[in-house]
Amino acid sequence: MADTKALTSRAADFSAWYNEIIARAELADYSPVRGCMVIRPNGYAIWEQMQRALDQMFKDTGHQNAYFPLFIPQSFLSREAEHVEGFAPEVAVVTHGGGKELEEPLIVRPTSETIIYAMYAKWIQSYRDLPLLINQWANVVRWEMRTRLFLRTTEFLWQEGHTAHATEAEAEEETRRMLGVYRTFMEDWMAMPVLTGLKTDSERFAGALRTYSCEALMQDNKALQAGTSHNLGQNFSRAFEVTFQTAAGTLDHVWNTSWGVSTRLVGALIMTHSDDNGLVCPPKLAQYQVVIVPIHKSDDERATVLDAAVRLRKELAAAGIRVHVDSREGMKPGAKYYEWEGRGVPLRLEVGPRDVASSSVVLARRTGGKKETFPMEGLPARIAGVMDQFQADLLAAALARREAASLRGATKEQFIARMEREGGLVYGGFCGRGACETEIKEHTKATIRVLPDPEFRSPEVPSRCIWCGGPSIVEAVWAKAY
RNA sequence: CGGGGUGUGGCGCAGUCCGGUAGCGCGCCUGCUUUGGGAGCAGGAGGUCCCGGGUUCGAAUCCCGGCGCCCCGACCA
């Protein structure tokens, strides 16, 4: 419930604003267990919309869903050297079950590569079994030091795709394909622009050959890794003996990929679009795209107005629009406006006696503050058009914000100054040396978010490393990150 | 694990210095009047004052010992 009327502003304290939005919109709550979160119905509804869209995209690219167990034998993790090193510190271990100490402790999955490739070893014999394209929706546990609702919690929900291919080229193609799927989802559904590209070794997934990611810039000018896609090479197939017989009759290890996005996307959504009045949710992912608020004084008015509201709801719902009528009594219309605004509903229809008399409705958009009057006749088509525009406007605004916060062609000094003050993205040449990367992190707190894909690179290719001035081998994008 | 802060109805806080049996705002419940941008009045419910021990006639308050949570640093989708 909203106990104080105004949220802390983004400018005053971005973290406080973020937490207050989640409370105000009733998206999530803290759990009795440190670092865990309860996803409340309003928050889960957004996740469900995300799942629905992504799941369809996975199916459209030939993947099937399956489910692998939460518990994994501890020994599995250590089969891939880099993998165990990457995850060991944050793994929860079950030592007792059924009142007895277990012979071999079980780990609670921090990710499922090990158990999945152990199973793939049983299922794959021939090149005819490839490619194997499986996704699972699951919860995972990583024992984090410091947590934040949606962005980093001890347990979180995600999907993890795991595929096996006959050739390295096919695995690379799959890795890139799914990165593209994520990008499309983030832009078309979340209205969140992202940079895609390769991670440097220091940010690479433990056990992967190459990690690609989608990076988004939040309103506080910090970057957020929104999704990752890994080319695992043969690292896991060697560790778990996932072999197949080729058409030529030889035996080879399969080439794997894995890719995932999590409930962190809900946090990304919040920090990309919301304002000081509360959540702003793109229509395509909103639980309710339209809320109808009836306005009335007398009982007579109430009956006719509600009647009209319900009729409108049916018309809109029939057109596939997610719509809700807020017919609660004893609450003034203004109070309802504030509540639904805080929850991020894109469009609001106000229906009062005057509107019913003139067969019109008042439409208010979540952003912009203007109200318009539309005839009831043909409303569903009109609303659909407004929603499309709203969705497009959000993406355009977010893109404009990101570009305004992007610095290209900077000197080392400008880079340092930018990170000390406004933050944002800094594009620059990189010599490829880990020493430079580390030094930059120590001096500026900024890390290389991605080595951007060609379409995101600067028009002029940097020739010098932004830090050491040596020859640049690749362009990099730096930012302070979540 | 280091540094700082904080624990009192659902939420936010006062009361602690100086001991006397718990209060304010919001929220919640009931009724009446309201309803085109956060309603008003009246009545009401709700508290192991973080936990344990001690001092005292008497402890939210003083003493000792624990625990939780938050913020800042080292790790991370």
Side-chain angles (χ1 to χ4, degrees), chain A residues 1-8 13 15-16 19-20 23-24 26 29-35 85-91 110-111 139-148 150-160 182 199 202-206 208 211 213-216 223-230 258-268 277-278 293-299 301-302 305-306 326-342 348-358 360-362 364 369 371 373 441-442 445 447 449 481-482:
Chain A
M1 288 299 136
D3 12 307
T4 52
K5 286 184 177 175
L7 294 170
T8 300
D13 185 341
S15 292
N19 289 331
E20 286 171 24
R24 166 81 52 105
E26 297 180 356
D29 206 345
Y30 296 93
S31 121
V33 176
R34 187 199 73 88
E85 199 180 321
F87 280 105
E90 54 191 68
V91 164
T111 178
N139 58 336
V140 286
V141 167
R142 297 179 188 177
W143 218 260
E144 299 289 351
M145 311 289 279
R146 290 184 60 188
T147 56
R148 297 195 62 190
F150 289 113
L151 299 177
R152 177 165 296 106
T153 49
T154 295
E155 179 189 5
F156 57 95
L157 306 183
W158 76 345
Q159 58 69 216
E160 45 181 324
Y182 287 154
K199 285 290 193 183
S202 63
E203 301 267 332
R204 186 170 43 82
F205 172 71
T211 290
S213 83
C214 293
E215 296 283 329
L224 183 79
Q225 180 172 301
T228 50
S229 186
H230 315 288
S258 70
W259 27 274
V261 295
S262 71
T263 37
R264 170 179 253 202
L265 289 181
V266 178
N277 298 318
V293 177
I295 300 160
H296 46 74
K297 289 196 177 83
S298 66
D299 283 355
E301 281 178 0
R302 179 164 192 276
V305 163
L306 274 184
D326 185 353
S327 56
R328 285 176 293 178
E329 290 184 61
M331 205 172 165
K332 297 187 76 162
K336 294 181 181 178
Y337 301 165
Y338 281 102
E339 183 173 310
W340 291 110
E341 279 166 6
R348 178 179 73 239
L349 291 177
E350 305 171 8
V351 182
R354 295 202 296 267
D355 305 300
V356 174
S358 63
S360 61
V361 292
V362 173
K371 292 190 189 184
T373 302
K441 185 176 180 181
E442 282 168 3
K445 303 265 171 69
T447 50
R449 301 322 303 154
Y482 275 95

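This structure is a prediction, so every number in the text was calculated from the model and none was measured. So that the names make sense, note that chain A is the first sequence line, chain B the second, and so on, each numbered from 1.
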*Among side-chain atoms of Tyr482(A) and Gln225(A), is any donor-acceptor pair under 3.5 angstrom?*
no
*Opposite nucleotide pairing with rC24(B), Watson-Crick or G-U, both atom distances under 3.5 Å*: rG12(B)
*asked:* I'd like the C1' distance from rA60(B) over to rU6(B), given in whole Å.
replied: 15 Å
_Identity of whatever pairs with rG19(B) - Watson-Crick or G-U, under 3.5 angstrom_ = none
*asked:* Within the 4.0 Å heavy-atom criterion, would you say Val261(A) contacts the bases, only the backbone, or no part of the nucleic acid?
replied: nothing
*Thr447(A) and Arg449(A): side-chain donor and acceptor closer than 3.5 Å?*
yes
*Using a 4.0 Å heavy-atom cut-off across all strands, classify Gln225(A) as base, sugar-phosphate, or nothing.*
sugar-phosphate
*Got a sec, which residues hit ring pair (Phe, Tyr, Trp, His ring centres under 6.0 Å) with Phe205(A), two or more places apart in sequence or on another chain?*
His83(A), Phe87(A), His230(A)
*If we call it a pair only when both distances are under 3.5 Å in a Watson-Crick or G-U wobble match, what pairs with rC69(B)?*
rG5(B)
*P spacing across the pair rA14(B) / rC62(B), given as an integer number of angstrom*: 15 Å
*Describe the nucleic acid contact of Lys199(A) in one word from base, sugar-phosphate, nothing, applying a heavy-atom distance below 4.0 Å.*
nothing
*Who are the ring pair (Phe, Tyr, Trp, His ring centres under 6.0 Å) partners of Phe156(A), not counting sequence neighbours?*
Trp158(A)
*Residue matched to rA59(B) through Watson-Crick or wobble contacts both under 3.5 angstrom*: none
*So which nucleotide does rG31(B) pair with, by the Watson-Crick or G-U wobble rule with both distances under 3.5 Å?*
rC41(B)
*Roughly how many Å is it from NZ in Lys445(A) to C1' in rG73(B), rounded to a whole number?*
9 Å
*Identity of whatever pairs with rG52(B) - Watson-Crick or G-U, under 3.5 angstrom*: rC64(B)
*With a non-hydrogen cut-off below 4.0 angstrom, is Thr153(A) in contact with a base, only sugar-phosphate, or nothing?*
base
*What's the closest nucleotide to the His296(A) side chain, out of rU35(B), rA39(B), rG36(B)?*
rU35(B)
_Given rU35(B), rG38(B), rG36(B), the nucleotide with the shortest approach to the side chain of Lys297(A)_ = rU35(B)
*Is the base of rG36(B) touched by the side chain of Lys336(A) through a donor-acceptor pair closer than 3.5 angstrom?*
no
*Touch class at under 4.0 angstrom, heavy-atom based, for Phe156(A) against every strand present*: base
_Inter-nucleotide C1' distance (rG46(B), rA22(B)), Å rounded_ = 14 Å
*Could you say whether the aromatic ring of Tyr338(A) and the base of rG38(B) stack, counting only centre distances under 5.5 Å and plane angles under 30°?*
yes
*For Arg142(A) and Glu155(A), what are the C-alpha separation, side-chain angles and deciding distance, and is it a salt bridge (charged side-chain N to carboxylate O under 4.0 Å, His left out)?*
CA-CA 6 Å; Arg142(A) 297 179 188 177; Glu155(A) 179 189 5; over 6 Å; no
*Will you find, in the side chains of Glu144(A) and Thr154(A), an N or O donor that is under 3.5 Å from an N or O acceptor?*
no
*asked:* Is the phosphate of rG36(B) approached by Lys332(A) (side-chain N or O, under 4.0 Å from OP1 or OP2)?
replied: yes
*With a 4.0 Å cut-off on heavy atoms, is Glu341(A) in touch with a base, just the backbone sugar-phosphate, or nothing at all?*
base
*Nucleotide rC75(B), atom C1' - distance to CG of Leu151(A) in whole Å*: 16 Å
